[in-house]
Structure formats: structure tokens, C-alpha cells
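Everything below concerns the one structure shown next.
Just so you know, these numbers come straight off a predicted model, no measurement behind them. Chain naming here is simple, since letters A, B, ... match the order of the sequence lines and numbering starts at 1 in each. Reckoned from all heavy atoms, side chains included, excluding hydrogens, waters and symmetry mates.
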Amino acid sequence: MLNYLVTRLWQSVVTLILASIVVFLGVRQLPGDPALAMAGEEATPERVEAIREQLGLNESLITQYLKFVGNMLRGDFGQSTRTGAQVTDLVAATLPVTLWLSAYAIVVAVVVGVLLGIIAERFRGRWPEWMANALALIGLSVPNFWLGILAILYLAVAFGLFPASGYVPITQDPIQGFYHLTLPAIILGTSLAAVIMRQTRASMIETMKTDFVRTARAKGLSRQRVLVRYGLRNSLIVVVTIIGLQLGGLISGAVVTERIFALPGFGKLTLDAVFTRDYPVIQAVVLLITVGYILINLAVDILYSVINPRIRVGGKS
Amino acid sequence: MTVVEVRNPGLGSARGRVWRSLLKSPLGLTGGIMLAIVVVLGLLAPLIAPYGPAEVHFDAPFQQPGTVGYILGTDDLGRDIFSRMLFGIRVSLQVGIMSVVLAVVVGTPLGLLAGYWRGLDGVISRLTDVTLAFPFLIIAVGLSAISGPSLTNAAIALGIAQIPTMIRVVRGETLRIKETDFVLGAKTMDASGVRIIFSHILPNAVSAIIVQATVIMPVAVIGEALLSFLGLGIQPPTPSLGIMLSDAQQYISRAPTAAIFPGLAIVLICLGFNLFGDALRDALDPTNSSRK
């Protein structure tokens, strides 16, 4: 177990370093001279040179990289070139929106996905399974942003069941907050639910074939109890794995969902920064998402090894 | 180099068996038909479309579907939705194919190397980890920031994001095939590693690569639509299903059909690939053969 953790941690550190180098070099590739941008069109060459010196752009690439990492580690992401606000403040203001949305979507996807998976297993070869399979296939094939537009059109505008846009901080007003996030969370969770359903069904079918399930049944446990006690426990492993694998899709999905429902989240910050060429913000956003992604994957792997003892012994996935 | 096709006189060629199995699966057949329709529409878009994709008719905005001359209606600028959709499908397929090609061309050799030579495995695995650390949207954001949003950048971002899974699939196949008797036999006959990879492992890994390509394709099609929807992909006036959806969202209550049809086109492409891909996987999987 310890061996596995150390290897996994070490791999994550290497990945983090390599990813930060990619971001650092990527930022250098951005068009436009940052010193020129800061000095303005009319500046004298001496003034530009002074700013270059001040920004450390004349130092060696390695020194610049180390400074870059140092600043990031201290949480200093610089200022937005568009508004002049501290990037850290912008992130602090928008990140909670996205985290609440994603967490809510994951909960919705797990509940719906596992439930449909169980139904599909319980009624194999009958219409409920067929329905669950069809729903999963649709969930995989329908782009969630289209689903979002349709949901706004029919559920929000036509029937007024949910608000079409807007955000209320959950910490301020939990009921209104969750109510405003419900439709976006369902939309964001759809494809995740579809993948979870398919895998839960497959894992349930496998589990129900195993010897220990047969033993449990022979001892007189009802099928329902076996399903809940053994099938569900095994599907937990599946769910954890899938959330790790689907994280990238979830991040992209959150950006587009925020756009459709006009939520003031991290995705909006990212898109605004790209369209206004706000490089410090782009750099911070890319780096934070990447680091977050690597860390969550690490957490998923550790969690996975806790739930599934076989991984620990093998040491390699 | 001659290619010897393994034939079983009683059962026909292996390829024939795959086709028969595909045709027998109703879902696979449905998917295949959907794909055929989509590909024909995309390829023949310039011939079928009654108007140019960016042709504006200011005298006929917001026409209902079924209006004479505008079978699926028009958008806010009076552009024919049917024509734009056909060209949008064409662009979707183009981006999809570009990213599949990128993933296959880069992923296959790396997967073969990682699977065959243990020494390279560690290096390539770290590289895949780094690539996996960047969700495709972030790659697209980076590329757009560097050289502006475009069709090529969208395809590159989507392709790069799929390279790691392609490497893993090919690596897994290589590891499996490496241990088979015919490869061990070739080794004892002193065949070089390159020869073994190209004449023994690659031909046997092709079916897994094709199946993976059918998995990538719908992901890339949705990805392109998503990027274009956000303004990070294809730029107007080039039509894209994503741009159509993003435009339609502005006047959604007035002309809901402008949002419904492009979305249906995306669903048709993706459902086609998903159904066909599932059936193809079953048909190519020897353990799943329906033969008695």
C-alpha cells in the first residue's frame, strides 16, 4: 500500500512539473510582447526596456521559470490586464460557483446512473432494461449544451418549472441557490450518468455471477439484499473510477453549462479571458485547472486503492 | 511484402464474418444507415444544398419549417437552415476525421513502442499523463490564445486530447499480441523488433484501433460543436452546427426550430457512430462470436 502511494505521489509530482513547464512555455508563445503591452503604444524603447527588466524578461529561461513557479506557489497570479483586479480575487469569486455546480452534477449523475444501472440489472431482458439502455445511449449521443438549450426552452421558459438563468450563492440562500443550480446540474450530469449507468450495469451483472453471491443466495439472503450489499459495494469502485476518468469532460461541460445558464463561474472567467486576451488570467486558469485535475486524479486513485484492495497488491494499474 | 489472408474454407474470410455479424445486429445496422446518410449529406452538401451556407435573405428571416424554398426554415438573417446544416455536417465530419487521424498517427506508433520496449514504456506513460492533465477544452483555450480560434486548432485540440487513450489501447494490444505464439515464433527466427511490430503486431492491432476510432469520432464531433458554440472553434462565416446552436440561442423563443435541427444533426452523427462502434466491437471480438 505504502509502495503504491509513494509511486503514485512521485508520478503526480513529475506530471505536475512537466505540466507547469508546458504552461510556462505556452505562455511565452502567446502573441504580443507583454512589456510593450504594459508600456503602451507611444512608449520609448528605453521605457519598454525598463519594463522588460522589471518583469524579469531579460533573465534566463530557467530563472524565469523558477520565479513563475515561486509566484504560483505563493498564490500570486498577477493582475488582470483587462480590469486590473488581482487574479486571485477573480478566481476566489468564481470558483465556488463551478465547484457547487460540479458537485451537484456529480451527485445527480451518481444517483441517477446507479439507480438506472440497478434497474437494468434487476430487469434483464425486459422493458425497464431496454428503457435504461436507451436512456444511456441518448445521454451519450446528445450534446449537453443542446440539451441545455432545449431545457431552457421547454422547462424554464414554456413551463416555468426552473429559472432559465441566474445564480444565487448557496451560502446566502441555500434553497434558492440549489433551486437555481438544479437545471444546470442535471444538464451537466447527463452524460456522466449515462456512463455510470452502463458501467454499473456491467459490474452488477459480473458481481451477480460470482461465487460469493451464489453462496450468499444459498444461505438464504434475498436477491434484493445481495444486490444492495454486494452489487452496490462493487459498483462504488466503478463509480469512483469513472468520475476520475470523466473529470476532463466534466470541466469542459461545466464551462459550456455556465455559458448557457449565464452562471458567473470559472468557465465564464476563462472564456472572457480568452476573448479579451487577458493573459495573466488565462495562465492562472489553465494552471489551476491542470493542477486541480492532477490532484483530483491522485485523490481518486488513492480512494480507489482504499476501496479495492487488489490494486494495492498489484501496484500498477 | 505479401499479405496472406487467413481463410477458413468453411466459414469464408474473417472480414466476411465481421460484415455478416454487423449486418445481423439490428442496432449496428441502424447505426450504419445513420452514418451512411450523414456521410452522403456531408459529402454532397454543395450539390444538395439549395443555397450557399452563408447566403443571406434579408427579406425572409424566421421562416417556419416547411415554407416553400426553405424546407427547414430560416434563421434571423434569412439563411436557409437546411443548407447551413448540410455544410455544418460536412465541417463536423471534417474536424472529426482530422482529429481521428491525428490521434491514430501519433498514438499508434507511441503505443506500439511503449508496449514492445519496456524501457520506453515509462517515458511514454509520463508523456501521456502530462497530456491527460490538460482537458481538451484547456488545450483549445491555449491554442486559441496562441494562434486564434480556427477549424485546424479545434481539430488539433480534439486530436491531442485523444492521443493518450489511443496510446493506451495500442499499448494494451501490443502487450497482448507480444505474448502470442506466432510472435514468439518470429522471435526465435531472429526477426527484428521493427519487423515483428510492423508485420505481426500492427496488423493484429488494427481492429482495436478502428474500434477506438469509432469511439473518438463522436467525441470529436460533439467537441467541435462545443468549441464552436463557445467561439473557440470554427469562425463565421464557415458554418458549424455549434455556431448555429449558439446563434439560435439568441432568438430561441422566436424560432426554436433553428436550435432543434442542428442539434438533431449532431445527435444523428453521434448516435450513428456509437451504435455502429458498439456493433463493430462485438463483431471484431472473437470471444463474442455468434458462430456455433
Side-chain angles (χ1 to χ4, degrees), chain A residues 11-12 14-19 21-23 26-27 29-31 133 137-138 140-150 152-154 157-158 164 191 245 247-256 259-260 267 270-271 273-275 277-279 282-283 285-287 289-291 293-294 297, chain B residues 27 31 34 122 125-149 161 165 218-219 221-227 229-232 241-242 245-246 248-249 252-253 256 259-260 262-275 278:
Chain A
Q11 282 175 352
S12 296
V14 174
T15 313
L16 274 174
I17 293 172
L18 288 175
I21 293 176
V22 171
V23 174
V27 170
Q29 294 303 309
L30 296 173
N133 280 340
L137 195 64
I138 292 169
L140 283 179
S141 301
V142 177
N144 64 357
F145 51 98
W146 185 53
L147 212 58
I149 295 174
L150 294 185
I152 289 183
L153 183 62
Y154 292 109
V157 176
S191 62
L245 287 173
L247 210 60
L250 201 68
I251 291 170
S252 313
V255 173
V256 74
R259 165 78 170 258
I260 295 169
T270 311
L271 289 176
V274 172
F275 295 133
R277 302 198 157 260
D278 196 342
Y279 293 144
I282 296 179
Q283 170 178 300
V285 162
V286 169
L287 202 73
I289 290 185
T290 311
V291 171
Y293 193 52
I294 295 172
N297 262 315
Chain B
L27 288 178
M34 285 178 173
S125 294
R126 282 293 74 70
L127 285 177
T128 39
D129 279 357
V130 175
T131 318
L132 275 178
F134 296 96
F136 89 88
L137 192 75
I138 291 304
I139 303 177
V141 163
L143 284 176
S144 309
I146 292 171
S147 58
T165 32
V219 176
V221 166
I222 292 192
E224 181 275 311
L226 188 148
L227 289 179
F229 180 81
L230 294 175
L232 294 172
L241 299 172
L245 283 178
S246 145
Q249 210 197 343
I252 184 84
S253 340
I260 290 172
L264 280 177
I266 301 175
V267 174
L268 187 70
I269 301 176
C270 295
L271 207 56
F273 274 106
N274 281 331
L275 288 172
D278 281 357

*Which one of A:Val23, A:Ile289, A:Ile282 has the most heavy-atom pairs closer than 4.5 Å to chain B?*
A:Ile289
*So what's closer than 4.5 Å to chain B heavy atoms on A:Val14: side chain, backbone, both or neither?*
side chain
*Quick one: pull up CD1 in A:Ile251 and CG in B:Leu137 and give me the separation to the nearest 0.5 Å.*
9.0 Å
*Do you know the tightest heavy-atom contact between B:Ile222 and A:Ser141?*
CD1-O, 4.0 Å
*Decide yes or no for A:Ile138 and B:Val267: does some side-chain heavy atom of the first lie under 4.5 Å from some side-chain heavy atom of the second?*
no
_Can you tell me which portion of A:Leu140 sits under 4.5 Å from chain B's heavy atoms? Options are side chain, backbone, both or neither._
both
*Side chain, backbone, both or neither: which part of B:Pro218 has a heavy atom under 4.5 Å from chain A?*
neither
_Can you tell me how far apart CD (A:Gln11) and OG (B:Ser125) are? Round to the nearest 0.5 Å._
8.0 Å
*asked:* Under 4.5 Å from any heavy atom of chain A, what part of B:Leu268 do you find: side chain, backbone, both or neither?
replied: neither
_If I take atom CD1 from residue B:Ile138 and atom OG from residue A:Ser252, how far apart are they, to the nearest 0.5 angstrom?_
7.5 Å
*Between A:Ile260 and chain B, which part of the residue has a heavy atom less than 4.5 Å away: side chain, backbone, both or neither?*
both
*Where the side chain of A:Trp146 meets the backbone of B:Gly242, is there a donor-acceptor pair that is under 3.5 Å apart?*
no
_How close do B:Gly231 and A:Phe275 get, counting heavy atoms only, and between which atoms?_
O-CE2, 3.6 Å
*Specify which of B:Leu264, B:Ile139, B:Leu127 makes the most heavy-atom pairs with chain A at under 4.5 Å.*
B:Leu264
*B:Asn274 versus A:Leu137: any side-chain heavy-atom pair under 4.5 Å?*
yes
*Top contributor to chain A interface from B:Asp278, B:Leu271, B:Leu230, B:Leu232 [non-hydrogen pairs under 4.5 Å]*: B:Leu230
_Toward chain B, the part of A:Thr270 with a non-hydrogen atom under 4.5 Å_ = side chain
*Under the side-chain contact (heavy atoms from CB on, under 4.5 Å) test, residues paired with A:Val22 that sit two or more places apart*: B:Val130, B:Phe134
*asked:* Quick check for you: among A:Leu18, A:Leu16, A:Leu153, which has the greatest number of heavy-atom pairs under 4.5 Å with chain B?
replied: A:Leu153
*Rounded to the nearest 0.5 Å, how far does CD1 of A:Ile149 lie from CG of B:Leu245?*
5.0 Å
*Atom group of A:Val274 that falls short of 4.5 Å from chain B, counting heavy atoms*: side chain
*Which atom names give the shortest non-hydrogen contact between B:Ile146 and A:Gly26, and what distance separates them?*
CD1-O, 3.8 Å
*asked:* Looking at chain A, which one of B:Pro262, B:Ala225, B:Gly148 has the largest number of heavy-atom pairs inside 4.5 Å, strictly under?
replied: B:Ala225
*Can you see which heavy atom on A:Thr15 is nearest to which on B:Arg126, and at what distance?*
OG1-NE, 4.4 Å
